[in-house]
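Beneath this line is the structure, given in structure tokens, with notes to follow.
For ligands, and for the atoms within them, numbers begin at 1 and follow the listed sequence.
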Amino acid sequence: PSITRGITVDIPKVTWKDIGGLKDLKKKLEQAVEWPMKHAATFSRLGITPVRGILLHGPPGCSKTTLAKAAANAANVPFFSLSGAELFSMYVGEGEGLLRNTFRKARLAGKSIIFFDEADVVAGKRGDGSSGGAVVGERLLSTLLTEMDGLEEAKGVLVLAATNRPYAIDAALMRPGRFDLVLYVPPPDLEGRFEILNVHTSKMNLGSDVDLRRLAEDTELFTGAELKGLCNEAGIVALRENIHASVVCDRHFQIVKNSLKPALTTEEID
Ligand code: ATP
């Protein structure tokens, strides 16, 4: 962790290379996050306004959080994390306090990223939900709007939000100067699954019978998180079979794969 004026902040360690697939998406994020952070002078010389907020949406476990962290790593800026569900569950006033405090820390840090997970819980359409919860949600949402608008002067703070329910996001957040860029993070395709399996087996000693290309073909509908779990579980099966095991073989992967049922359904793809 580096110290910025008394605040301990972390620059995430995860890099673009740790994320399999999503080549175009990584390029777009690089342009929207890294360029303004690293070449602020060029942006102002050319009179270009960088995006202030990016909304990542897509099914769970498909790397929204990891992408946000990798973007912070690439831009070499601190990463502040907020969870919509956590803010929502706090006592009245406490959630708003944490929200304001996080924005304050980010402004103090200068160039930085605020990542807002499960954004729909807080940034949901006004008028949704039951009476008690709706009041809490509205107060949090109006705090978020105030803080995002206040970023105008504080150069270099970028807000990345993630949601599985983009249609539930309040329209006020989609106005210019707020979430200007909306990116869909899809479940991995064949090539993506192959790359993800490579990422998560890179530190494993694989048996010569392991064919990751075939495994990628056989894991349609698996998310990145499920593929990561598959690799890890296969290692555990090998260990359980023999505590002195030194390789993870195809049969270990097969045992785990056959016991898993992906959470995604075909309708959720596209
Ligand atoms: P949620 O909506 O549940 O918060 P998410 O989309 O933010 O999920 P992550 O938390 O980034 O997903 O991913 C979950 C785990 O799956 C991470 O540990 C990550 O390493 C792994 N993972 C997901 N997608 C990929 C990918 N494309 N390449 C490598 N690992 C991945």
May I have all residue pairs that pass side chain to side chain donor-acceptor pair (under 3.5 Å) and include part of residues 185-197, sequence neighbours excluded? Glu191-Arg213

Throw together a table of side-chain donor-acceptor distances under 3.5 angstrom for residues 77-91, partners on residues two or more places apart or in other chains.
| from | atom 1 | to | atom 2 | distance (Å) |
| --- | --- | --- | --- | --- |
| Ser83 | OG | Ala85 | N | 3.4 |
| Ser83 | OG | Glu86 | N | 3.1 |
| Ser89 | OG | Glu86 | O | 2.9 |

Under a 4.0 Å threshold between the charged nitrogen and the carboxylate oxygen, would Asp209 count as salt-bridged to Arg251? no

Ion pair Glu30/Lys27, N-O distance below 4.0 Å: yes

Return yes if a side-chain donor-acceptor contact under 3.5 Å exists between Asp250 and Gln254, otherwise no. yes

ring-ring contact (aromatic ring centres under 6.0 Å, His included) with His200: which residues, sequence neighbours excluded? none

So which residues, sorted by chain and number, lie with a heavy atom under 4.0 Å of ligand 1? Asp18, Ile19, Gly20, Pro60, Gly61, Cys62, Ser63, Lys64, Thr65, Thr66, Asp117, Asn164, Ile196, His200, Gly224, Ala225, Lys228

